[in-house]
Amino acid sequence: MKINILTLFPDMFNIFNHSIIGKAQEKEILSIKPINIRDYSLNKHKKVDDYPYGGGAGMVMAPQPIVSSIIETKKNNNGKVIFLGPKGKTFNQNLAKELSKESELIFLCGHYEGIDERVYNYIDMEISLGDFVLTGGEMACIPIVDSIVRLIPGVLGKEESYQEESFYDGLLEYPQYTRPEVFEGKKVPEVLISGHHENIRKWRRKQSLIITKERREDMFKKITLSKEDIKLLEEN
């Protein structure tokens, strides 16, 4: 997958040069490259914002630098242009799955009081991380890009690594344990050290159901329970 990120602060995305995402880029499974919107400003001082018409506090990102950066980026990346803004669709795991199937994507990070409305003519989708205020689109872009690219085959190594995580199938993840077997008097559940794979699978499914029901009732209500799920929940 090829990803370009249009931003005023490209250095913020150096985080993608490390850990799992960095290794995936080294293997050329994906490419993440930030593009500085300021480089496309026709203003001699590389100014990218101005006062809003009609008055009001703050500044608005001007259309020219953004549009010019989109047009230039489109010469090598034909992906959807996704704006990280508060009026967009709230991001979730299903949207991450959908976008992970794309071969190319372009993300636009807003700042100040937002972008000039005329830029929307060049935007295909707007995404919000949630109902809260951030200092800039970069803060939303990092977790969104991370959640998308880790679903690309080969990035995590094993498909099971993400298929069993929270939200992947609409449930929160089951409890995890590692060595030592006993820590501060608390022992790892017997089923997990039994070696019985089917019993382990059922235990994990049951725990995911219970945790989701207790902590995210809104999610639990959307789940279509199988006969096995109902039986697991009825067990003591």
Side-chain angles (χ1 to χ4, degrees), residues 1-22 24-25 30-41 46-50 52 56-74 76-152 155 167:
M1 176 185 283
K2 179 191 292 184
I3 293 177
N4 287 119
I5 303 171
L6 308 182
T7 173
L8 298 180
F9 303 97
D11 289 346
M12 290 184 69
F13 297 97
N14 289 339
I15 190 171
F16 290 129
N17 295 328
H18 305 281
S19 190
I20 292 172
I21 307 302
Q25 291 198 77
L30 64 113
S31 170
I32 303 175
K33 293 184 179 179
I35 292 173
N36 195 334
I37 296 173
R38 295 183 191 276
D39 292 342
Y40 296 89
S41 174
K46 297 300 180 182
K47 188 177 179 182
V48 295
D49 61 343
D50 213 326
M59 306 288 276
V60 176
M61 289 183 72
Q64 180 275 311
I66 300 176
V67 170
S68 293
S69 65
I70 291 174
I71 291 173
E72 187 64 26
T73 302
K74 280 284 190 178
N76 297 301
N77 184 331
N78 199 39
K80 293 185 175 88
V81 177
I82 301 173
F83 175 53
L84 287 312
K87 293 182 285 188
K89 180 178 181 180
T90 303
F91 189 73
N92 58 29
Q93 188 67 15
N94 286 333
L95 188 50
K97 292 180 197 176
E98 179 184 326
L99 292 175
S100 72
K101 298 173 184 177
E102 300 285 336
S103 59
E104 298 179 334
L105 291 171
I106 300 171
F107 289 91
L108 170 61
C109 300
H111 248 275
Y112 312 120
E113 294 303 309
I115 59 174
D116 186 291
E117 188 69 18
R118 292 164 291 188
V119 176
Y120 278 95
N121 292 329
Y122 296 84
I123 292 172
D124 300 300
M125 179 187 299
E126 183 172 0
I127 293 176
S128 169
L129 194 58
D131 296 334
F132 50 89
V133 180
L134 296 171
T135 56
E138 290 81 8
M139 298 297 189
C141 188
I142 290 172
I144 287 173
V145 169
D146 182 80
S147 66
I148 291 169
V149 300
R150 68 199 312 281
L151 298 177
I152 299 171
V155 171
F167 306 112

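Side-chain atoms are counted along with the backbone in the values below, which use heavy atoms only and exclude waters and symmetry mates.
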Are E102 and I148 close enough that some pair of their side-chain heavy atoms sits under 4.5 Å apart? no

Could you tell me which non-hydrogen atom of F91 sits nearest to which non-hydrogen atom of I144, and how far apart they are? CE1-CG2, 3.7 Å

Nearest atoms (heavy-atom pairs only) where P63 meets R118: CG-NH2, 4.2 Å

Using side-chain heavy atoms (C-beta onward) and a distance below 4.5 Å, is L151 in contact with Q93? yes

Can you classify the ring geometry of F83 versus Y120 as parallel (below 30°), tilted (30 to 60°) or perpendicular (above 60°)? perpendicular

Would you compute the distance between atom CD1 of I142 and atom CD1 of I15 and round it to the nearest 0.5 angstrom? 5.5 Å

Does Q64 reach the main-chain N or O of Y40 with its side chain, forming a donor-acceptor pair under 3.5 Å? yes

Atom NZ of K33 and atom CG of N76: how far apart are they, to the nearest 0.5 Å? 9.0 Å

Side chain to side chain, E126 and P86, heavy atoms closer than 4.5 Å: yes

Working to the nearest 0.5 Å, report the span between NZ of K74 and CD1 of I71. 11.0 Å

Using modelled atom types and a 3.5 Å cut-off, is there a donor and acceptor pairing between side-chain atoms of N17 and backbone atoms of G22? no

Can you tell me how far apart CE (M61) and CD1 (I37) are? Round to the nearest 0.5 Å. 4.0 Å

Look up atom CG in D116 and atom CG in D50, then write down how far apart they are to the nearest 0.5 Å. 10.0 Å

So, do Y112 and L8 sit near enough that their side-chain heavy atoms are less than 4.5 Å apart? yes

Mind listing the closest non-hydrogen atom pair of C141 and C109 along with its distance? CB-SG, 3.8 Å

Does the side chain of T7 reach to within under 4.5 Å of the side chain of M12, using non-hydrogen atoms? no

Is any side-chain heavy atom of F13 less than 4.5 Å from a side-chain heavy atom of I3? no

Heavy atoms only: give me the nearest D49-K47 pair and the separation to one decimal. O-CE, 2.9 Å

Non-hydrogen side-chain atoms of I82 and D124 separated by less than 4.5 Å: no

Please report the closest heavy-atom contact between S69 and I66, naming both atoms and the distance. OG-O, 2.7 Å

Out of the candidates I5, N4, D146, only one should pair with I32 under the side chain to side chain contact (heavy atoms under 4.5 Å, CB included) rule; please name it. I5

Could you check whether any side-chain heavy atom of F9 comes within less than 4.5 Å of a side-chain heavy atom of H111, counting everything from C-beta outward? yes

How about M139: does its CE atom have over 12 heavy atoms from other parts shown lying under 6.0 Å from it? no

Which atoms form the tightest heavy-atom contact between L129 and P143, and what is the distance? CD2-CG, 3.9 Å

